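In what follows, every chain begins at residue 1, and chains take the letters A, B, ... in the order their sequences are listed. Values reported hereafter were calculated over all heavy atoms of this structure, with side chains retained and with hydrogens, waters and symmetry mates removed. The shown structure was predicted, so the numbers you read here are calculated from the model rather than taken from an experiment.
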Protein chains: 2
Amino acid sequence: MADDDQLSRVFAALADPTRRDIVARLAAGDATVGDLAAPYDVSVQAVSKHIRVLTDVGLVSQTRDAQRRPCHLEADVLDLMTAWIERYRRQAQARYERLDDVLAEMGEDGHDPRRSRGAAS
Amino acid sequence: MADDDQLSRVFAALADPTRRDIVARLAAGDATVGDLAAPYDVSVQAVSKHIRVLTDVGLVSQTRDAQRRPCHLEADVLDLMTAWIERYRRQAQARYERLDDVLAEMGEDGHDPRRSRGAAS
DNA sequence: CTCTTGCTCAACCAACTGGTTGAGAAAGGA
DNA sequence: TCCTTTCTCAACCAGTTGGTTGAGCAAGAG
């Protein structure tokens, strides 16, 4: 379950508003650490740490340009989250849409569907 | 914006593998705290705390059934995350595809050189 | 070479998190 | 009525996190 750990770390990385903002700005184009740090009211070191977290989870990659470290968004990792979220959202929605059928069946014998059964797909 | 804080808390809530698993299981159907706690190797109180976090961010709602507290997945909140993620993933991908266009056009004929690097603000 | 710029590393600190145990509330069953 | 089940609250503890400052490395500029 290395994937599980990866997912946890990506969710945790994006739980911070500063890091989410960094990702949002990198979606518009690559930027150096200094560029990214400029708008925030914290030290450059703090932003550097944020970028470190983002690179650790694979959301951002860094190259070299003289003293500068341009940051680049690796958008593929975002698909990992979307895949997880959409899977269960769809599953829940499908169950919701089947509610009419369930209610109809409950009408005949009062079957109680409390205990969760095996996963669908 | 208040939405920002909500988003941070939902991401943080799903950064925990146990809570993600709870959400996954609730997608298959409602369950009580005891049902949800059963498979895990932690105390019921710990699971109760996890559920508290999920309800605080609006991912889960709880009703009453005698002593039991059936939990229900509120899948709408998941859309909030998907919206955020997809927005920037698409933006990054669009930029990426535009870069391919530029490179392709540069290879065929020297057309309008669009910016491949958008400086952030 | 020295100076400046751009960034990271290291140590430290306050706040938060996920776990524990113990106590207790709420509601049905004996 | 008292007992049992189900769940939450409170206090506490260890580990993590986001911030700070200070030092230091890498590379172009003078």
Assign each of A/Gly34 and B/Arg64 to its nearest nucleotide of DNA chain C by heavy atoms, then name whichever residue's nucleotide is nearer the 5' end. A/Gly34
Given D/dG19, is OP1 or OP2 found less than 4.0 Å from the side-chain N or O atoms of A/His50? yes
For D/dT8 and B/Gln62 - does any side-chain N or O of the residue sit under 4.0 Å from the phosphate oxygens OP1/OP2? yes
Classify the side-chain pair B/Arg69/B/Ser48 by whether it contains a donor and acceptor separated by less than 3.5 Å. no
Residue pair A/Val33/A/Lys49 against DNA chain C: nearer the 5' end by closest nucleotide is A/Val33
Integer-rounded Å distance: D/dT6 C1' and B/Asp65 CG: 11 Å
Whole-Å gap separating P (C/dG19) and CG (B/Asp41): 11 Å
In this structure, which one of B/Arg90, B/Gln91, B/Arg95, B/Arg89 forms a side chain to side chain donor-acceptor pair (under 3.5 Å) with B/Gln93? B/Arg89
Would you mind telling me which of D/dT8, C/dT20, D/dG19 lies closest to the side-chain atoms of B/Val44? D/dT8
D/dT16 P sits how many Å from A/Asp56 CG, rounded? 15 Å
How many Å lie between CD1 on A/Ile51 and C1' on D/dG19, as a whole number? 15 Å
Pair A/Asp79-A/Thr82, side-chain donor/acceptor within less than 3.5 Å: no
Between D/dT8 (P) and B/Arg68 (CZ): distance, integer Å: 13 Å
Among C/dA26, C/dT21, D/dG18, find the nucleotide with the atom closest to the side chain of B/Gln67. C/dA26
Nearest nucleotide by nearest heavy atom, which residue falls closer to the 5' end of DNA chain D, B/Arg69 or A/Arg69? B/Arg69
Looking only at side-chain N and O atoms, does A/Ser48 come under 4.0 Å of OP1 or OP2 in C/dT8? yes
side-chain N/O B/Arg52 vs D/dC9 OP1/OP2, d < 4.0 Å: yes
Nearest-Å distance, CZ (B/Arg9) to P (D/dT17)? 20 Å
Check whether any side-chain N or O of B/Arg19 sits under 4.0 Å from OP1 or OP2 of C/dG18, and answer yes or no. yes
Indicate yes or no: at least one non-hydrogen side-chain atom of B/Thr63 is less than 4.5 angstrom from one of B/Asp30. no
For B/Leu36 and D/dT8, what is the distance between atoms CG and P respectively, to the nearest whole Å? 10 Å
OP1 or OP2 of D/dT6 versus the side-chain N and O atoms of B/Thr32: is any pair under 4.0 Å? no
Under 3.5 Å, is there any donor-acceptor pair linking the side chain of A/Gln45 to the base of D/dG18? no
note: A/Ile22, atom CD1; C/dC7, atom P; distance rounded to Å ~ 12 Å
When you measure from the side chain of A/Arg9 to the backbone of A/Val53, do you find a donor-acceptor pair of N or O atoms at a distance under 3.5 Å? no
